[in-house]
Trainee: 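Right, I'll just put the structure down here and ask away after.
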Amino acid sequence: QGQTGAVRQGVAIFEKGLPATMTVQLSFPQPPANRELLVVSVTSYRFEDGSTLQIQGRSMAKLLPEGIPIKGESTMQGEVIGGTGRYQGATGTYTMRVRTDISLFTDGTLGDYFGEATAEVTLGK
């Protein structure tokens, strides 16, 4: 059993400007090795009509000698693991580019984390 990590919340903008609120649950299923840490994320998106979409991904975080994650850009790959409403029975895969080196002190910044994803989602019948 891995240890639980951070919970992040924010807003996602999908194709054609469709907004969703999002919750990301990060976990670390194994201890760090060779200054790298496996990060598993489960992200839930909730749309205005009440539909939800869940994705799960994995990435490796590089660590400083003190064990602190190095801020910067990384890539995560994963799959669609569930959904409700119009996403009931959805399947698919995604690749996400994630940046964690964003300063909250920069004008216009909305958070300290930014991701941009490309996904192939097949909707259920």
Side-chain angles (χ1 to χ4, degrees):
Q1 181 75 8
Q3 70 183 48
T4 299
V7 174
R8 294 180 176 271
Q9 294 183 312
V11 175
I13 306 298
F14 281 72
E15 191 174 52
K16 299 177 184 155
L18 181 67
T21 57
M22 60 183 274
T23 302
V24 183
Q25 175 69 58
L26 300 173
S27 62
F28 314 108
Q30 59 198 36
N34 301 317
R35 292 197 14 213
E36 287 191 327
L37 178 64
L38 174 62
V39 180
V40 175
S41 71
V42 176
T43 304
S44 297
Y45 300 98
R46 178 171 295 281
F47 298 88
E48 290 176 349
D49 69 357
S51 296
T52 63
L53 181 67
Q54 290 83 37
I55 62 174
Q56 180 175 325
R58 300 164 70 88
S59 66
M60 296 300 290
K62 297 197 180 309
L63 304 175
L64 294 169
E66 305 80 40
I68 299 166
I70 298 171
K71 292 184 181 287
E73 187 172 313
S74 62
T75 301
M76 175 177 294
Q77 295 183 324
E79 60 192 19
V80 175
I81 59 170
T84 63
R86 69 172 173 252
Y87 295 105
Q88 182 74 39
T91 59
T93 59
Y94 74 94
T95 300
M96 184 178 295
R97 181 177 65 96
V98 177
R99 288 199 47 200
T100 58
D101 58 348
I102 299 168
S103 170
L104 287 172
F105 300 107
T106 303
D107 282 348
T109 299
L110 301 175
D112 63 353
Y113 176 97
F114 176 82
E116 182 176 27
T118 301
E120 298 217 1
V121 178
T122 301
L123 299 179
K125 300 288 182 235

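Computed from a predicted structure; not experimentally measured. What's counted below: heavy atoms across the whole structure, side chains too, no hydrogens, waters or symmetry copies. When a residue number appears, it is its place in the shown sequence, counting from 1.
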Trainee: List the steps and the verdict of side-chain contact (heavy atoms from CB on, under 4.5 Å) for T23 and V7.
Mentor: CA-CA 7 Å; T23 302; V7 174; 3.8 Å; yes
Trainee: Distance check, rounded to the nearest 0.5 Å: R35 atom CZ versus L64 atom CG?
Mentor: 7.0 Å
Trainee: Would you sort out whether T95 and T75 count as a side-chain contact (heavy atoms from CB on, under 4.5 Å), showing the intermediate values?
Mentor: CA-CA 7 Å; T95 300; T75 301; 3.7 Å; yes
Trainee: My understanding is that only residues two or more places apart in sequence, or in another chain, count here; which of them pass side-chain hydrogen bond (donor to acceptor under 3.5 Å, both in side chains) with E116?
Mentor: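 With neighbours one apart ignored, the set is R97.
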Trainee: Could you pull out the closest heavy-atom pair between A90 and V121, with the gap in Å?
Mentor: CB-CG1, 4.1 Å
Trainee: For the CG atom of L26 and the CG atom of L37, what is their distance to the nearest 0.5 Å?
Mentor: 10.0 Å
Trainee: Do V11 and M96 land in one hydrophobic cluster if side-chain heavy atoms of ILVMFWY residues count as linked below 4.5 Å?
Mentor: no
Trainee: CD/E79 to CD/E120 distance, rounded to the nearest 0.5 angstrom?
Mentor: 14.0 Å
Trainee: May I ask you to check whether over 12 heavy atoms, not counting those of E73, lie within 6.0 Å of atom CD?
Mentor: yes
Trainee: Check whether F28 and L38 end up in the same hydrophobic cluster, where Ile, Leu, Val, Met, Phe, Trp and Tyr are linked by side-chain heavy atoms less than 4.5 Å apart.
Mentor: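 Result: no, two separate clusters.
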Trainee: Give the cluster check for Y45 versus I81: same hydrophobic cluster or not, with ILVMFWY residues linked at side-chain heavy-atom distances below 4.5 Å.
Mentor: no
Trainee: Could you state the interatomic distance from CG (L123) to OG1 (T91), rounded to the nearest 0.5 Å?
Mentor: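 L123 CG to T91 OG1: 8.5 Å, rounded to 0.5 Å.
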Trainee: Hydrophobic cluster membership, with links at side-chain heavy-atom distances under 4.5 Å among I/L/V/M/F/W/Y: are I70 and V39 in one?
Mentor: no
Trainee: Quick check: closest heavy atoms across E48 and P19, and the distance to 0.1 Å?
Mentor: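 Reported closest heavy-atom pair: OE2-CG, 3.7 Å.
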Trainee: What's the separation between atom CE in M22 and atom CZ in R8, rounded to the nearest 0.5 Å?
Mentor: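 One gets 9.0 Å once the value is rounded to the nearest 0.5 Å.
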Trainee: Hey, do the aromatic rings of Y87 and F47 have their centres closer than 6.0 Å?
Mentor: yes
Trainee: Would S41 and M76 count as a side-chain contact (heavy atoms from CB on, under 4.5 Å) if you check the C-alpha gap in whole Å, the side-chain angles of each, and the deciding distance to 0.1 Å?
Mentor: CA-CA 9 Å; S41 71; M76 175 177 294; 3.1 Å; yes
Trainee: Membership question, hydrophobic clusters at under 4.5 Å side-chain separation (ILVMFWY): are L18 and I13 in the same one?
Mentor: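 I13 and L18: separate clusters.
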Trainee: Please tabulate, for side-chain N and O atoms in residues 50-63, each donor-acceptor pair with protein atoms closer than 3.5 Å (sequence neighbours left out).
Mentor:
residue, atom, partner, partner atom, Å
S51, OG, D49, OD1, 3.0
S51, OG, D49, OD2, 3.3
S51, OG, R86, N, 3.0
T52, OG1, Q54, NE2, 3.2
T52, OG1, T84, N, 3.4
T52, OG1, T84, OG1, 2.7
Q54, OE1, G83, N, 3.2
K62, NZ, E36, OE2, 2.8

